[in-house]
Amino acid sequence: MSTLTTLLVANRGEIACRVMRTAKAMGLTTVAVHSAIDRDARHSREADIRVDLGGSKATDSYLQIDKLIAAAQASGAQAIHPGYGFLSENAGFARAIEAAGLIFLGPPASAIDAMGSKSAAKALMETAGVPLVPGYHGEAQDLETFRAACERIGYPVLLKATAGGGGKGMKVVEDVSQLAEALASAQREALSSFGNGQMLVEKYLLKPRHVEIQVFADQHGHCLYLNERDCSIQRRHQKVVEEAPAPGLSGEQRKAMGEAAVRAAQAIGYVGAGTVEFLLDARGEFFFMEMNTRLQVEHPVTEAITGLDLVAWQIRVAQGEALPITQEQVPLTGHAIEVRLYAEDPTNDFLPATGRLALYREFAPGPGRRVDSGVEQGDSVSPFYDPMLGKLIAWGEDREQARLRLLAMLDEFAIGGLKTNLGFLRRIIGHPAFGAAELDTGFIPRYQEELLPAPGDLSNEFWQAAGSAFIQSLPPEDGPWGDKRGFRAGLPAEVSLHLSCTGQDRLVTLAADAPPLRGEQLLIERQGVRRSHLAVRSEGSVFLRWDGEMHGVTLFDPIAAVEANQSHQGGLTAPMNGSIVRVLVEVGQHVDAGTQLVVLEAMKMEHSIRAPQAGVVKALFCQEGEMVAEGCALVELEPAG
């Protein structure tokens, strides 16, 4: 085997940047691939060599095996790292890489075949005597088979894509009336994301913890487990917070789960990094859930408590090197917590957000403070890919130190231009129940009112602060407004301006004693206590941090407000940029409240547009396969007569 000098990363975003960081540290030349719209994305900019795959959707670019192999050959790469998502658990991709004489930085194709399918993995674990959650994971995929299985298991049940992960192709079904629609939608999501619509169903356990074991194996028969991670805090079956080690897990439990995970890996001749996932119930019993035959999004917390670089291990093991330590030598030092930063709207059912990052600032670096991100200020977030922007990882000597450090990191982060879950993450990590390590997969629904407070009117104090920050941050040359920059020096005693923020607007009058802006810090005194609020001007807006949230403030535009109101009248609109995958109604059709009208796909997830009340479809403004913009009218309904 030739010496590895050049590595192609067959992925995008933060994982591509993270893999290339280690590869460069090891002296390797890095190759990025990108779609047409990712031409100037951060992962592409950071690579030594870049190859254009064309297309916009993943199916036209990052999922094209022939294009990826050709890109490796054209760039002189001897190896391909698949990252996660896309083709990372595709056995055909692994075989194609090997057939082309290249190195695949992942397990053998046979291991992906055995464990890459959730159904096959469950059958293997059943044979090995590992406890399984009751369910059905057979070949028959018709509705009647699933209906019978659900009746046998008992509702609620969880539909899951056998080839999937990351919450794609996953639906909770509460009763039989929801089954047909949920199964069809999950199959479409799975096919779109993984090229495989095969589904399984299992009993939906109440209040379980999601605990997973990181395993690593070399080509010489050695396999060990690198401790565990707790990934219980999830929304839409997508992990939001991960930590290592799992709070409250005893040494005996760690050993039992770790050894079971190693047996599973050895049974299929596994090589490289993998994760065996378990559900842990309140009694301490664990049930096999699935094995991910790839590096996981949350691998940094394992790196933080072990001091190991798992990507470096992947590169060395793929070239035939043996694991450098034994099981007894695996470190476990301190505690680490990771949160996933998404472009999404937590107040609107976590709908993905698209747009331009007018403001993007990461926290200051330091001990125990790590960020793995895939974007920079000025980048655009498209509707074609997963909405994760990056990950914040804090390490501490104990869990509380890690938690407090992460809170500080979240407070220093600043994003503007589109909606994110930054404030939502801050509320989770700061919640008393999280501080007490009261973890299970129902954490977010249980504390929903505190974690997702209903948006209200912005306070008078906010508007005064916003006005002061807005006018004092104007450049001197900005026309007549520029003269107001020094209004406290004796120009107008009062200044009025009409501002807009998050759909609200207010006429603000500022007096000469308005709070001062020092650089980018607005100093506000309340009851004798002076606090600073970050206020950053970017692209005509001022982004003001207020009560833990970044608010974009602009001058009110009456014409734009009228146009926006008119575009929403008489029709159901697209909640985000996306692609129409199904139109389920016709003009003239009578529909009941809650009827599914249109299915929109954005960022690899399906979103249903439903009738808010009974009525008649008056007009359709979209068709299947069409790309639509946020706010675009899709359906016009007339009230039922």
Query raised in the report: What are the two closest non-hydrogen atoms of Leu226 and Thr302, and how far apart are they?
Result: O-CG2, 3.6 Å

Requested in this report: For the residue pair Arg369 and Leu406, establish whether any side-chain heavy-atom pair is separated by less than 4.5 Å.
Outcome: no

Report task. Show your reasoning for whether side chain to side chain contact (heavy atoms under 4.5 Å, CB included) applies to Ile524 and Arg530. Result -> CA-CA 5 Å; Ile524 296 180; Arg530 179 180 277 197; over 6 Å; no

Query raised in the report: Do the ring centers of Phe350 and Phe424 come within less than 6.0 Å of each other?
Result: yes

Query - Short N-O contact, Lys171 and Glu189, less than 4.0 angstrom - result: yes

Query - Test log, rule side chain to side chain contact (heavy atoms under 4.5 Å, CB included), inputs Ile15 and His43 - result: CA-CA 9 Å; Ile15 183 56; His43 78 280; over 6 Å; no

Query raised in the report: At their closest point, which heavy atom of Cys231 faces which heavy atom of Glu298, and how far apart are they?
Result: SG-OE2, 3.9 Å

**Report entry** Asp230 with Arg209: basic N within carboxylate O range, under 4.0 Å
**Finding:** yes

**Report entry** Leu458 side chain reached by Trp546 side chain, heavy atoms, under 4.5 Å
**Finding:** no

**Report entry** Lys/Arg N to Asp/Glu carboxylate O, Arg545 vs Glu412, below 4.0 Å
**Finding:** no

Query raised in the report: Among Lys168, Arg12, Arg340, which residue meets the salt bridge (charged side-chain N to carboxylate O under 4.0 Å, His left out) test with Asp386?
Result: Lys168

Query raised in the report: Does Glu449 CD have over 12 foreign heavy atoms under 6.0 Å away?
Result: no

Query raised in the report: Are any side-chain N or O atoms of Gln178 and backbone N or O atoms of Glu174, one a donor and one an acceptor, separated by less than 3.5 Å?
Result: yes

**Report entry** Stepwise side chain to side chain contact (heavy atoms under 4.5 Å, CB included) test for Thr306 and Leu332
**Finding:** CA-CA 5 Å; Thr306 60; Leu332 199 172; over 6 Å; no

Requested in this report: State plainly whether the residues Glu243 and Arg399 are in salt-bridge range, i.e. N to O under 4.0 Å.
Outcome: yes

**Report entry** Pair His431 and Tyr447, ring centroids less than 6.0 Å apart
**Finding:** yes

Report summary line: Residues Gly396 and Ala402: closest non-hydrogen pair is N-CB, 3.6 Å

Report task. Consider only side-chain N and O atoms of Thr441 and Ser232, and report whether a donor and an acceptor are under 3.5 Å apart. Result -> no

Query raised in the report: With a 4.0 Å cut-off, would you call Glu277 and Lys239 a salt bridge?
Result: yes

Query raised in the report: What's the spacing between Leu522 CG and Ser468 OG if we round to 0.5 Å?
Result: 5.0 Å

Query raised in the report: Taking C-beta and beyond as the side chain, do Phe286 and Val211 meet within less than 4.5 Å on heavy atoms?
Result: no

Query raised in the report: Are Ile609 and Val599 close enough, and set up right, to give a side chain to side chain contact (heavy atoms under 4.5 Å, CB included), and what steps lead you there?
Result: CA-CA 6 Å; Ile609 310 300; Val599 178; over 6 Å; no

Report summary line: To the nearest 0.5 Å, atom CE of Met550 lies from atom OG1 of Thr420 at 9.5 Å

Query raised in the report: Would a 4.5 Å heavy-atom cut-off, applied to side chains only, mark Arg370 and Met409 as touching?
Result: no

Query - Where Gly430 and Leu407 come nearest, the two heavy atoms and their spacing - result: N-CD2, 3.7 Å

**Report entry** N/O donor-acceptor pair under 3.5 Å between Glu303 side chain and Leu310 backbone
**Finding:** yes

Query raised in the report: Do you see a donor-acceptor pair shorter than 3.5 Å between the side chains of Gln238 and Tyr342?
Result: yes

**Report entry** Inter-residue atom distance Leu279.CG - His210.NE2, 0.5 Å rounding
**Finding:** 7.0 Å

Query raised in the report: With a 4.5 Å limit on heavy-atom distance, are the side chains of Leu510 and Phe470 in contact?
Result: no

Query raised in the report: Is there a side-chain contact between Tyr385 and Asp38 (heavy atoms, below 4.5 Å)?
Result: yes

Query raised in the report: Under 3.5 Å, is there a donor-acceptor pair between the side chain of Ser44 and the main chain of Asp40?
Result: no

Report task. May I ask you to check whether Tyr360 and Phe413 place their ring centers less than 6.0 Å from one another? Result -> yes

Report task. Assess Arg506 against Phe556: is NZ or CZ under 6.0 Å from the centre of the six-membered ring, and within 45 degrees of the ring's axis? Result -> no

**Report entry** Gln253 side chain to Ser250 backbone, donor-acceptor under 3.5 Å
**Finding:** yes

Query raised in the report: Is the backbone N or O of Phe384 less than 3.5 Å from a side-chain atom of Ser382, with the two atoms forming a donor-acceptor pair by type?
Result: yes

Query - Heavy-atom closest contact (Ser538 atom, Gln377 atom, distance) - result: OG-NE2, 4.3 Å

Query raised in the report: Would you say the side-chain atoms of Asn348 pair up with the backbone N or O of Asp345, donor to acceptor, closer than 3.5 Å?
Result: no

Report summary line: Those residues at least two apart in sequence (or on a different chain) that pass side chain to side chain contact (heavy atoms under 4.5 Å, CB included) with Arg531 are Val529, His533

Query raised in the report: Would you say Arg610 has more than 12 foreign heavy atoms packed within less than 6.0 Å of its CZ?
Result: yes

Query - Glu338 side, atom CD; His299 side, atom NE2 - distance, nearest 0.5 Å - result: 8.0 Å

Query raised in the report: Is a side-chain donor or acceptor of Glu520 paired with a backbone partner of Leu534 at a separation under 3.5 angstrom?
Result: no

Query raised in the report: Rounded to the nearest 0.5 Å, how far apart are CE of Met576 and CD of Glu630?
Result: 8.0 Å

**Report entry** Side-chain heavy atoms of Asn227 within contact of Gln214, under 4.5 Å
**Finding:** no

**Report entry** Donor-acceptor side-chain pairing of Arg18 and Thr22 below 3.5 angstrom
**Finding:** yes

Requested in this report: Would you check if the side chain of Trp395 reaches a backbone N or O of Thr333 as a donor-acceptor pair within less than 3.5 Å?
Outcome: yes

Query raised in the report: Do Ile305 and Pro331 come close enough that some side-chain heavy atom pair is under 4.5 Å?
Result: no

Report summary line: All heavy atoms of Val508 vs all of Gly467, minimum pair found to be CG1-CA, 4.4 Å

Report summary line: Output for pair (Asp372 CG, Leu389 CG), nearest 0.5 Å, gives 13.0 Å

Query raised in the report: Does the side chain of Glu606 pick up a donor-acceptor pair with the side chain of Ser185 at under 3.5 Å?
Result: yes

Query raised in the report: Is any side-chain N of the basic residue among Asp411 and Arg426 closer than 4.0 Å to the acidic one's carboxylate O?
Result: yes

Requested in this report: Could you give me the CA-CA distance, side-chain angles and deciding distance for Asn292 and Thr275, then say whether side-chain hydrogen bond (donor to acceptor under 3.5 Å, both in side chains) is met?
Outcome: CA-CA 5 Å; Asn292 290 303; Thr275 304; 5.6 Å; no

Query - Backbone of Arg42 reached by a side-chain donor or acceptor of Glu46 within 3.5 Å - result: no

Query - Non-neighbouring partners of Glu400 that pass salt bridge (Lys or Arg N to Asp or Glu O under 4.0 Å), sequence neighbours left out - result: Arg403

Query raised in the report: So, Asp349 side chain and Leu351 main chain: donor-acceptor pair closer than 3.5 Å or not?
Result: no

Report task. In plain terms, say whether Glu549 and Arg427 are close enough for a salt bridge, that is, a side-chain N and a carboxylate O under 4.0 Å apart. Result -> yes

Query - Short N-O contact, Lys207 and Asp281, less than 4.0 angstrom - result: no

Query raised in the report: Is it true that Glu242 and Lys391 make a salt bridge, defined as a side-chain N closer than 4.0 Å to a carboxylate O?
Result: no

